[in-house]
Protein chains: 2
Amino acid sequence: MGHDDGVGTGARHHDGRRTDTRQRIHRIALEVFSERGYDRATLREIAERLQITRPALYYHFKSKEDILASIHRDLALSLDGIIAWARTQPATAATRTQILTELSSLLAGPWGQFTQFAQANEAAMRNLTGASEFIERTATLTEFLRPSDSIHGRIKARLALAALFMADARHDQLGGSDTARAQAALDVAAELIR
Amino acid sequence: MGHDDGVGTGARHHDGRRTDTRQRIHRIALEVFSERGYDRATLREIAERLQITRPALYYHFKSKEDILASIHRDLALSLDGIIAWARTQPATAATRTQILTELSSLLAGPWGQFTQFAQANEAAMRNLTGASEFIERTATLTEFLRPSDSIHGRIKARLALAALFMADARHDQLGGSDTARAQAALDVAAELIR
DNA sequence: GTCTATAGTTGGATAGAC
DNA sequence: GTCTATCCAACTATAGAC
């Protein structure tokens, strides 16, 4: 059929090299979903930016929702590295700060527009099975980040995450350079989970 | 036409008493928008819950977006009281804490599901003129809440707001009773803007 | 792997009667 | 103030050729 559900799979050329179309779709879809929100985003626009037609998308993904789910799988995967590392560390303030630093780096680099994407698609994520893996990772990270196992602790952990996301998304409202905002957010977040 | 754009206006009976249909639509629409998100919410479902037909909605509001804008106007109005009071107060930590307490009360009472609504509709709000008044109020409140005029200060102010919203919306992930969560959020928020 | 053409569905909005 | 009937636009998704 041409559809692959597993992470990292995809159509291959005769030389064994994976075609990059699936990844290009991935990238552009993330872009459009971030700008418009999942529901307002159309496959027409995604196809146009890719310079292909709508039906071509269906060769790589079996539905619009499948594209979204695929993005979520990638996001979940990106967090697994940090989670795995966190499991090997003692539950100290230093570890928590280090987790925040790693997350901040992800947001500054490969994830780029992730925060905007996540906020724009809060509604769509709620009833999406593919998003559950990602939400699960976030919950796990919150556990590692909380300074104490209480409501206070859980709130602080979630706020620390929110601080990082905020610096990434609210450039217009917070002012300052990207790095200045990221550093300030990291400061505030670290203070919270100390 | 039967359409009224001003806040608090609406069709009236011969005795001068405002009909409650407009307000009933208002309430149910807020409910459905919160659950589904604006884009996934259909006028069909709103009408069904109200036991009326879709066209009847158009007697009270001129479009789906008009209903959303109307809700945002109400939300903005609810914040004006707090803002007016804040203007009369000195910019002290005590004032900031008091603002948070007032907001917490609003979330516990009349606003109810506002937070869920706001999160579910982040995407829809971005390109909506009616939402700008509401966003403006939020920005004003942030100014009153910030402990210092710096990036750090602005982040802390926004996080304080986020804490209140979080306690309101994330009951499943935070645990505890409604009042316990609200109090904990207030504690953490107050500490942030001290 | 991508195309043209089209099926099938949904949902916002209007016309006009009562 | 609410109804029935209907229109229209937009979108997802599929069929089948190349």
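By the 6.0 Å and 45° rule, A/K64 does not stack over the aromatic ring of A/Y58.
Among C/dG12, D/dC11, D/dT2, the nucleotide with an atom closest to any side-chain atom of B/K64 is C/dG12. Each of C/dT2, D/dC3, D/dT12 was ranked by its minimum atom distance to the side chain of A/H60; first place goes to C/dT2. Comparing atom distances between the B/Y59 side chain and each of C/dC3, D/dG1, C/dT2 picks out D/dG1 as nearest. Proximity note for A/R44 (side chain, C-beta onward) versus D/dC11, D/dA13, D/dT2: the nearest is D/dC11. Taking every side-chain heavy atom of B/L43 into account, C/dG12 is the closest of D/dT12, C/dG12, C/dT2. Here D/dC3 is the nucleotide among C/dA13, D/dC3, C/dC3 with the atom lying nearest to any side-chain atom of B/A56. Among the nucleotides C/dA15, C/dG12, D/dA15, the one closest to the side chain of B/P55 is C/dA15.
Between B/S63 and C/dT14 there is no side-chain N or O to OP1 or OP2 distance below 4.0 Å. In this structure, A/T53 reaches the C/dC3 phosphate: one of its side-chain N or O atoms is under 4.0 Å from OP1 or OP2.
Across the protein-nucleic acid pair, A/R54 atom CZ and C/dG1 atom C1' stand 17 Å apart, rounded to whole Å. Across the protein-nucleic acid pair, B/E65 atom CD and C/dG11 atom C1' stand 15 Å apart, rounded to whole Å. One atom, CZ of A/R36, and another, P of D/dA10, lie 14 Å apart when rounded to the nearest Å. In this structure, A/D39 atom CG and C/dT10 atom P are separated by 16 Å, rounded to whole Å. One interatomic measurement links the two molecules: CD of A/E48 to P of C/dT2, which rounds to 16 Å at whole-angstrom precision. Here C/dT2 presents its P atom at 9 Å from CG of A/L50, a figure rounded to the nearest Å. We find that CZ of A/F61 is positioned 15 Å from P of D/dT14, with the value rounded to whole Å. D/dT6 atom C1' lies 14 Å from atom OH of B/Y58, rounded to whole Å.
Taking the six-membered ring for Trp, B/Y38 and B/F117 have ring centres at least 6.0 Å apart.
Ion pairing between A/R49 and A/E31 holds under the 4.0 Å rule for side-chain N and carboxylate O. In summary, B/R36 and B/E45 engage in a salt bridge, as defined by a charged side-chain N under 4.0 Å from a carboxylate O.
Within 4.0 Å of B/T42, counting heavy atoms only, lie sugar-phosphate atoms of the nucleic acid but no base atom. Residue contacts shown for A/A41 are limited to sugar-phosphate atoms, with no base heavy atom under 4.0 Å away.
Annotation: the span from B/R154 atom CZ to B/D149 atom CG amounts to 5.5 Å, rounded to 0.5 Å.
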